2 protein chains.
Amino acid sequence: MSSENQELRKAGLKVTLPRVKILQLLEQAEDDNQHFSAEDVYRALMESGEDVGLATVYRVLTQFEAAGLVVRHNFEAGHSVFELAKGDHHDHIVCLTTGEVVEFFDEVIETRQRQLVEERGYELIDHSLVLYVRPKKD
Amino acid sequence: MSSENQELRKAGLKVTLPRVKILQLLEQAEDDNQHFSAEDVYRALMESGEDVGLATVYRVLTQFEAAGLVVRHNFEAGHSVFELAKGDHHDHIVCLTTGEVVEFFDEVIETRQRQLVEERGYELIDHSLVLYVRPKKD
DNA sequence: CTCCTTGCAAACTATTTGCACGGAG
DNA sequence: CTCCGTGCAAATAGTTTGCAAGGAG
């Protein structure tokens with residue numbers, strides 16, 4: 001019994017082929033390419049011969065997000081990308097030249113954010129930090 | 001001769017009614033409401049009796065962005081908001097309860113960002129930091 | 001069996017573009 | 001005058017939804 005099935009059940013979702021396939025795909029993602037658009041997922045499924053509709057991909061990803069299995073990012077306008085929720089929070093560095101996405105976590109920044117928000121009488125619910133970079137030339 | 005006209009010329013744009021009106025609107029924005037979607041701008045113009053097409057609003061805002069007069073943000077998926085570029089860089093706190101947007105600038109975070117990117121062999125081109133909050137209940 | 005899911009197509013939302021006319025310089 | 005800029009409608013891109021058929025428990 002694959003672990004995906006249990007994760008799905010735990011999330012209150014029936015174990016169906018599209019859900020299992022999509023979850024597998026996200027879990028098997030290379031370290032350097034863990035961020036997928038709905039199209040990416042759709043294309044990958046097509047290529048491995050799975051006959052899943054794009055609408056289903058969107059539905060499944062949205063359900064996964066609601067269940068906390070997946071996190072949705074909006075690095076750029078016009079489309080979302082999804083990545084498997086690995087429990088740990090992290091922010092992103094997006095390379096404008098190569099499109100590469102690097103994850104990072106920095107306690108100094110995290111702490112400072114909480115402080116700034118507190119000072120202004122708010123409670124920090126979530127945050128999004130994206131650093132857009134280019135390879136250092138020299 | 002209004003200052004808007006000069007700003008437009010400096011940006012290499014002809015002085016036309018839609019451009020002047022939109023620029024005025026952005027400049028006259030209240031301190032607590034400086035972030036407009038294209039729809040917001042369009043609606044405001046309609047209400048003041050100006051007959052400008054939504055397509056033109058998009059075109060003008062995009063030109064303003066290219067000219068550096070305006071900055072575009074994607075706080076949430078599905079639509080952009082624009083604010084007048086005031087020269088200074090700042091980040092945003094978005095209240096999930098009231099929709100309010102507060103600007104802030106923190107040197108500790110700014111410095112740290114540059115550091116993190118350098119360490120990884122990149123050059124920081126731009127960044128986007130949005131803190132999503134709720135009013136502190138007590 | 002009974003719902004939850006799915007595929008497909010149509011619907012939607014935000015934004016962009018083609019085109020002929022109108023206005024700025 | 002000569003183009004650039006504009007309004008309108010049609011086109012696009014990403015995402016969502018209605019519906020009837022299919023599948024999980």
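What's counted below: heavy atoms across the whole structure, side chains too, no hydrogens, waters or symmetry copies. Numbered from 1 within each chain, the chains take letters A, B, ... in sequence-line order. Keep in mind that what you see is a predicted model, and the values were worked out from it rather than measured.
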Go through the structure and list residues passing side-chain hydrogen bond (donor to acceptor under 3.5 Å, both in side chains) with B/Q24, not counting sequence neighbours.
none
Rounded to whole angstroms, how far apart are CD on B/E39 and P on C/dC12?
16 Å
Taking the basic N atoms (NZ, or NE/NH1/NH2) and the acidic carboxylate oxygens, is any pair closer than 4.0 Å for A/R120 and B/E103?
no
Are more than 12 heavy atoms, taken from residues, nucleotides or ligands other than A/K86, located less than 6.0 Å from that residue's NZ atom?
yes
Atom-to-atom span, CG of B/L61 to C1' of C/dA14 - whole angstrom:
13 Å
For A/N74 and A/H79, work out which heavy atoms get closest and say how close.
ND2-O, 4.2 Å
In whole angstroms, the gap separating C1' of D/dG5 from CG of B/D51 amounts to 15 Å
Parallel, tilted or perpendicular: ring planes of A/H73 versus A/H35, cut at 30 and 60 degrees
tilted
Expressed as a whole number of angstroms, how long is the span from B/K21:NZ to D/dG7:P?
14 Å
How many Å lie between CG on A/L8 and C1' on C/dC4, as a whole number?
14 Å
Distance test, side-chain N/O of A/Y58 to OP1/OP2 of D/dT16, below 4.0 Å
no
Quick one: name the residues clustered hydrophobically with B/V52, using the 4.5 Å side-chain heavy-atom rule over I, L, V, M, F, W, Y, and just say none if it's on its own.
B/L8, B/L13, B/V15, B/V20, B/I22, B/L23, B/L25, B/L26, B/F36, B/V41, B/Y42, B/L45, B/M46, B/L54, B/V57, B/Y58, B/V60, B/L61, B/F64, B/L69, B/V70, B/F82, B/L84
Roughly, in whole Å, what's the span from CZ in A/R43 to P in D/dA13?
14 Å
Show the nearest heavy-atom pair for residues A/G68 and A/A85, with the distance to one decimal.
O-CB, 3.3 Å
Just the rounded figure in Å: distance from C1' of C/dA9 to CG of A/L54.
12 Å
Check DNA chain C against residues 63-85 of chain B and give the residues with a non-hydrogen atom under 4.0 Å, in numerical order.
B/G78, B/H79, B/S80
Apply the test salt bridge (Lys or Arg N to Asp or Glu O under 4.0 Å) to residues B/K136 and A/E118: give CA-CA distance (whole Å), side-chain angles for both, the deciding distance (0.1 Å), then the verdict.
CA-CA 8 Å; B/K136 200 188 303 179; A/E118 292 282 322; 3.4 Å; yes
Restricting both atoms to N or O, compile the protein contacts to nucleotides 18-25 of chain C shorter than 3.5 Å, with distance only.
residue: C/dG18; atom: O6; partner: B/R59; partner atom: NH1; Å: 3.3

For the helix from C/dC1-D/dG25 to C/dG25-D/dC1, what is the angle between the axes at its two ends, each from 5 pairs, rounded to 10°?
30°
Round to a whole Å and report the spacing from CZ of A/F36 to P of D/dG14.
17 Å
By nearest atom, which of the nucleotides C/dT15, C/dG7, D/dT16 is closest to the A/V52 side chain?
C/dG7
Closest to the 5' end of DNA chain C, once A/R19 and B/T56 are matched to their nearest nucleotides, is A/R19
Would you say the side-chain atoms of A/R112 and A/Q115 include a donor-acceptor pair closer than 3.5 Å?
yes
Listed partners of B/R72 passing salt bridge (charged side-chain N to carboxylate O under 4.0 Å, His left out), at least two apart:
B/E65
Given side chains that start at C-beta, do those of A/E110 and A/H127 come closer than 4.5 Å, heavy atoms only?
yes
